Amino acid sequence: MAFGRSSRVKQRPVEPVTLKILVAGGFGVGKTTAVGAVSEIRPLRTEERLSEAGRPVDDLAGVESKTTTTVAMDFGRITLREDLVLYLFGTPGQDRFWFLWDELAQGSLGAVVLADTRRLEDCFAAVDYFERRRIPFTVAVNTFEGSERFPTETVRAALDLDPEVPLLVCDARDRSSVRDVLVAVVEHALERAARAREPVAT
Amino acid sequence: MAGMSADSPRGTGPGSPDRTVDPQASRWYDADAGPVVRPYAMTRGRTSSASRHRLDLIALVVPEPAADDPGRDQTLAPEHVAIVELCSDRPQSIAELAADLDLPVGVVRVLVGDLVEDELVHVTRPVPPAELPDVNILREVINGLRAL
Ligand SMILES: Nc1nc2c(ncn2[C@@H]2O[C@H](COP(=O)(O)OP(=O)(O)OP(=O)(O)O)[C@@H](O)[C@H]2O)c(=O)[nH]1
Ligand SMILES: [Mg+2]
């Protein structure tokens, strides 16, 4: 190295604990909008370039081109405390990029599944995904103007949600509304964690 | 610098057309290289190798005191220097660096790996999946969110 280590005494920056929550859901359901509503930075885009080696062949069967595939993910940041930073990741929508979700989901605290009642089936895949991997999640029904307001119980039944999974109505454009959804995710994760710690009663 | 010499030089990769390649002109700092070739040329064709720890998107890059003046190290690419500089105010995640530098995540992982080897930065480990969920951390997150 060209330079020495004489400046060791300089105060070290705080090294925060970083956590992440995923925001999933169908195409155009408001994922980026929700991330932007609570993020302290404008939602950023990052690209994961998938090389031949990195991608499971099955997932891209039928794609004839050998060029690398680029998948965009957007994310935001909430500094909760100087030493605690939460990142939100909007998941890429296309089904064939499930394997990227695995990387995102790895170590995540929980997930939000955004749903639009006009096309509820768009979020089935995301609900399945988090259920199967036992990642705590909440469903948030994003209310677009002109969409019919169904009672949450109807939506819950249509999604065949486990009773413990919180279901909320939200406005993805509204900061406090999205914040409440995030609180619900983390509370749900906390309940689960606390239950896992308790010795089995009865 | 460590890590830069092991791999085969980048020349006629899949992305480069059939033309005579001047070895000087194909160096990673060549500003004329096309946008497709360039990020991987920058890492000399290396992708995040299996031997390296795969850096999480939310792993934070923290400069070491030795990185006070990264511009003085002539072996660093401008992108290496840019990473160190971006992290000097506050540690930045791999995802943020990729977005700020407009580079694919895989390229940023390689570049940060170089800086780690040179002990110019270190990288924080996010809470390992096995330790999640920690009840105390979850409570702190809830309190933090409520206070927003
Ligand atoms: N009326 C209304 N419009 C919304 C709401 N949320 C999002 N939108 C609009 O819906 C459109 C899509 O929102 P995005 O946030 O880009 O959706 P997305 O899920 O990120 O979309 P993709 O990444 O393309 O899948 C945008 O034009 C938003 O402005 C909402 O709650 N109400
Ligand atoms: Mg989006």
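Throughout, a chain's letter reflects where its sequence line sits, starting with A, and its residues are numbered from 1. Please read these numbers as outputs of a predicted model, since none were measured by experiment.
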A:D180 and A:C170: CA distance, side-chain angles, deciding distance, side-chain contact (heavy atoms from CB on, under 4.5 Å) verdict = CA-CA 8 Å; A:D180 291 346; A:C170 82; over 6 Å; no

At a heavy-atom separation under 4.5 Å, does [X] approach chain B through its side chain, its backbone, both, or neither?
X      : result
A:P16  : both
A:L182 : both
A:T79  : side chain
A:E40  : side chain
A:V185 : neither

When you measure from the side chain of A:R133 to the backbone N and O of A:Q106, does any donor-acceptor pair fall under 3.5 Å?
->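 Between the backbone of A:Q106 and the side chain of A:R133 there is no qualifying donor-acceptor contact (under 3.5 Å).
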
Taking A:S39 for the side chain and A:R77 for the main chain, is one N or O donor matched with an acceptor at less than 3.5 Å?
->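 Yes: the side chain of A:S39 pairs with the backbone of A:R77.
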
Note, A:L161 side chain near A:V127 side chain (heavy atom, < 4.5 Å) =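 Side chain of A:L161 against side chain of A:V127, heavy atoms only: contact under 4.5 Å found.
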
Relative to chain B, which of A:E187, A:R175, A:R45 shows the most heavy atom pairs under 4.5 Å?
->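 Counting heavy-atom pairs under 4.5 Å, the top option is A:E187.
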
Interface moiety of B:I58 toward chain A, non-hydrogen atoms closer than 4.5 Å |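 Backbone plus side chain of B:I58, per the 4.5 Å heavy-atom cut-off to chain A.
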
Residues A:E164, A:R195; criterion salt bridge (charged side-chain N to carboxylate O under 4.0 Å, His left out); working and verdict | CA-CA 12 Å; A:E164 67 161 37; A:R195 209 180 319 132; 3.3 Å; yes

Heavy-atom pair count under 4.5 Å with chain A, highest-scoring of B:V141, B:T124, B:D100, B:L101 |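 Greatest number of close heavy-atom pairs with chain A: B:V141.
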
What do the steps show when you test A:N142 against A:T33 for side-chain contact (heavy atoms from CB on, under 4.5 Å), and what is the final call?
-> CA-CA 11 Å; A:N142 193 13; A:T33 305; over 6 Å; no

